[in-house]
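Written below as structure tokens is the structure these notes are about.
Every value quoted in this text rests on a predicted model; they were computed, and no experiment measured them.
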Amino acid sequence: MKLLKTIIVFFSLLILVSCEKTSGPDDNQTLALLALAVPQSVNLNFEALANGQNLVTGSNITADGRTVQFRDFRMYISEVKFVRADGTTADVTLSTDNLWQSNGVALVDLETTQTTETNSKVSGSVSAGNYTGVQFTVGVPETLNHLDRTNQISPLNNGSMYWSWTGGYKHAKIEFSFNAPTNWTSLHLGSTNCSGAPNYGNCTNKYRANITLSGISNINALTVSMNLDQLIKDHSPGAANVSCMPGGGTADCQPLIRAFGLNVTSGAMDTSISQRVFSLK
């Protein structure tokens, strides 16, 4: 609705200026400013690549030089911004379809083993401008993270992406095995050390990855590529199921958490390391 109102105002003023018999420098300046006021469409396409090939869940693939099978690959994306050359940012208003996107949150779902539907796109609009980079958060914002998911609209009503009112949502849910159909590694990123009833939230350890990528060419068609070889690098779980929950995982889980640029103890972005999963194409 906000975008529609902006477009209506723009074209109304455009008609008004165009109706003048002559146009001067002021009119041209007005048109230029109006053009900047019209939001630009944003389309982020997410892909997951293993050994340069698109992820196929439920089948053995090669990643990090090893045979691996993924059975789940989902994550919430929020707080999308575009970065200008001077470092300032412009917020992206995510569109709402009440299926994959609502309340400024999108669910990227690249698996076909837990559900039949998939979603690789995050879409919205941003103010017109010249941008050099994009930022986004892997996870649900704190203000939405402790809702009763049974009262929410999709995608925030997804039971498999939710722990509890106290813990909130699973920001990312990635499960794979080097010895399928057994010995699964379950990487579930989510906030920890949170307050319980009646004031849910106030999590000490967020485990929300804030990703910044540079090298934009066209904001209408950006591809965010996730490198699965880098994700599972240095992860050697052994012959057992491994539960990689933040704050409670074994040493084998730490490389997976650090792959997102997160400190394994505090859950904050760690300036001493760099995320190694996400890049722009």
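- Counted by atom type alone, His235 and Thr185 present one or more donor-acceptor pairs between their side chains at under 3.5 Å.
- Judged by distance alone, the side chains of Ser186 and Ser243 never bring a donor and an acceptor atom under 3.5 Å apart.
- Thr115 and Asp109 form a side-chain donor-acceptor contact under 3.5 Å, judged by distance and modelled atom types alone.
- A cation-pi arrangement is present between Arg66 and Phe178 under the rule of less than 6.0 angstrom and at most 45 degrees off the ring axis.
- Scanning all heavy atoms of the two residues, the minimum distance from Pro255 to Arg276 falls at O-NH2, 3.1 Å.
- The backbone N or O of Asn193 lies less than 3.5 Å from no partner atom in the side chain of Asn205, so there is not a single donor-acceptor pair.
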Self-check item: Working for ring-ring contact (aromatic ring centres under 6.0 Å, His included), residues Phe136 and Phe46
Solution: CA-CA 12 Å; Phe136 57 86; Phe46 283 76; 5.6 Å; yes
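- By the ring-ring contact (aromatic ring centres under 6.0 Å, His included) test, His188 pairs with no residue at all, sequence neighbours left out.
- Using a 4.0 Å cut-off between a side-chain N of Lys or Arg and a carboxylate O of Asp or Glu, Arg208 and Glu142 qualify as a salt bridge.
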Quiz item: Phe176 and Phe73: ring-ring contact (aromatic ring centres under 6.0 Å, His included), yes or no, with the steps?
Solution: CA-CA 9 Å; Phe176 59 92; Phe73 202 98; 9.4 Å; no
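- Under the 4.0 Å criterion applied to side-chain N and carboxylate O atoms, Lys233 and Asp64 are not assigned as salt-bridge partners.
- Salt bridge status for Glu111 with Lys173: absent, with no side-chain N to carboxylate O gap under 4.0 Å.
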